[in-house]
Amino acid sequence: MKLKSYFQLEVSLENLCNRWSEIDYNFKKKYIVDKRIGIRTLDQDPVENLFTFICTKYGEKIELDDLEVDGIKEVYKFPKIAALAQDGVEARLKSLGFGYRAKYISQTAKYICSISNDPDSWLVDTLKYNRTKTGDILSGSADTHVKNNERYPSIKDELLKMTGVGPKVADCVCLMSMRVTQAIPVDTHVLQVARRDYADNSNFVNIIKSRVGSKKTSNRPKSSLPESTTVKMENCSGYDITVQEATELTKIIKSTSKNSKATVTKPIYEAIHKMFNVIFGEYSGWAQSILFVSDLPDSISSLGSNETGASDKPNGIVAGSGDAQPIIQPIIQPTPLSNTTGGRETRSKSKKIKLEE
DNA sequence: TCTGGACCTTA
DNA sequence: AAGGTCCAG
């Protein structure tokens, strides 16, 4: 039962992918024609994911091979939040190479301890399921997938209060640990995909236009429909949009600042978020994960051809992380800061984890 | 309200 | 040079 919940198996990924393929040819091409992959978004532990995403950075990634599972000598548990809130943690983390993110970890841990007597349970008991108000959500029908889209704004707001948690990290946690299926973590890579596949080629606007044209309420040819016609997503609320609005969002997504660097500004972030919500609906976060991973180089996504060849790849079930989140969480030294065992390598530095022999 | 430099480490 | 967030302006 726990595994079923972790993998969110009550959701038919295949049905979703087929639906998305009908909606969007680009998705179909990525999902079916090119790579035939499926990424199942997992329901991961909020505490571990929160602190992991706060300190992930480009290029940081652990390969399973690096861990030498068979020869492993020690396994660290994820630390208690109270331990991370102790004085001296920031300096300790800095010495381990966490850089300026050391402060984020320390301050966020202190913050959570300041608002809850039970810091390790607060994220799931209060923030995720809001048991104090709604009772135990999980006691509902087993056939019903628990979604938190209704509470998405309030959950995200709470996460954004934490130091080091901006829109992207908040959406990572919402999507992968809070059962918010419409959360879209937007980073520079997603920006590239959004521009190339949906903005520069007008794909987004065309999708909305085709919806206008296929509305059953009208038998007129779509060319005669006013562009202000509102398109509603089925089974979704808050996704209404007009062709004009889609055009506006496209402009924002294509816009660049003076230095011409691909920066995800706040307007761009929100435009891309809304665009994916509108295109793919209530599970758009899941859809975006598939687009994201299918755009990665095969060497990174681990889904590409290897000695077995590309043709017999199964539809993968892969941990639902955004960018360079390790498959295995980075491991932070457990509680005893007093226990100065010396600079044991605890960071997720791939290929440099040494097992004492 | 929004922009862009600083943060820190690794590649 | 890259990476997301913070903060000064």
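Chain letters run A, B, ... following the sequence lines, proteins first, then strands; residues in each count from 1. Given the structure is predicted, the values throughout are model-derived calculations rather than measurements.
Straight-line distance from the CZ atom of A/Phe98 to the C1' atom of B/dT10: 14 Å, rounded to whole Å. Taking atom CD of residue A/Gln107 and atom P of nucleotide C/dC7, one finds them 8 Å apart after rounding to whole Å. When the P atom of C/dG3 is taken as reference, atom OH of A/Tyr104 falls 16 Å away, rounded to whole Å. One interatomic measurement links the two molecules: OH of A/Tyr269 to C1' of B/dG4, which rounds to 19 Å at whole-angstrom precision. Between the NZ atom of A/Lys103 and the P atom of B/dC7 there is a distance of 10 Å, given to the nearest Å. When the P atom of C/dA2 is taken as reference, atom CG of A/Leu191 falls 13 Å away, rounded to whole Å. In this structure, CG of A/Leu160 is placed 8 Å from P of C/dC6, rounded to the nearest angstrom. In this structure, CZ of A/Arg101 is placed 17 Å from P of B/dA6, rounded to the nearest angstrom.
Side-chain proximity of A/Lys168 to the nucleotides C/dG3, C/dT5, B/dT3 is greatest for C/dT5. The side chain of A/Pro267 lies closest to B/dT3, out of B/dT3, C/dG3, C/dT5.
A/Asn206 and A/Tyr25 share no donor-acceptor pair across their side chains, judged by distance under 3.5 Å alone. Between the side chains of A/Glu90 and A/Ser106, no donor N or O sits under 3.5 Å from an acceptor N or O. Side-chain contact of A/Tyr283 with A/Asn149: a donor-acceptor pair under 3.5 Å is absent, judged by distance alone.
Backbone-only contact: A/Val165 has heavy atoms under 4.0 Å from sugar-phosphate atoms and none from a base.
For A/Tyr100 against C/dG4, a side-chain N or O and a base N or O form a donor-acceptor pair under 3.5 Å.
A side-chain donor-acceptor contact under 3.5 Å links A/Ser294 to the backbone of A/Ile290.
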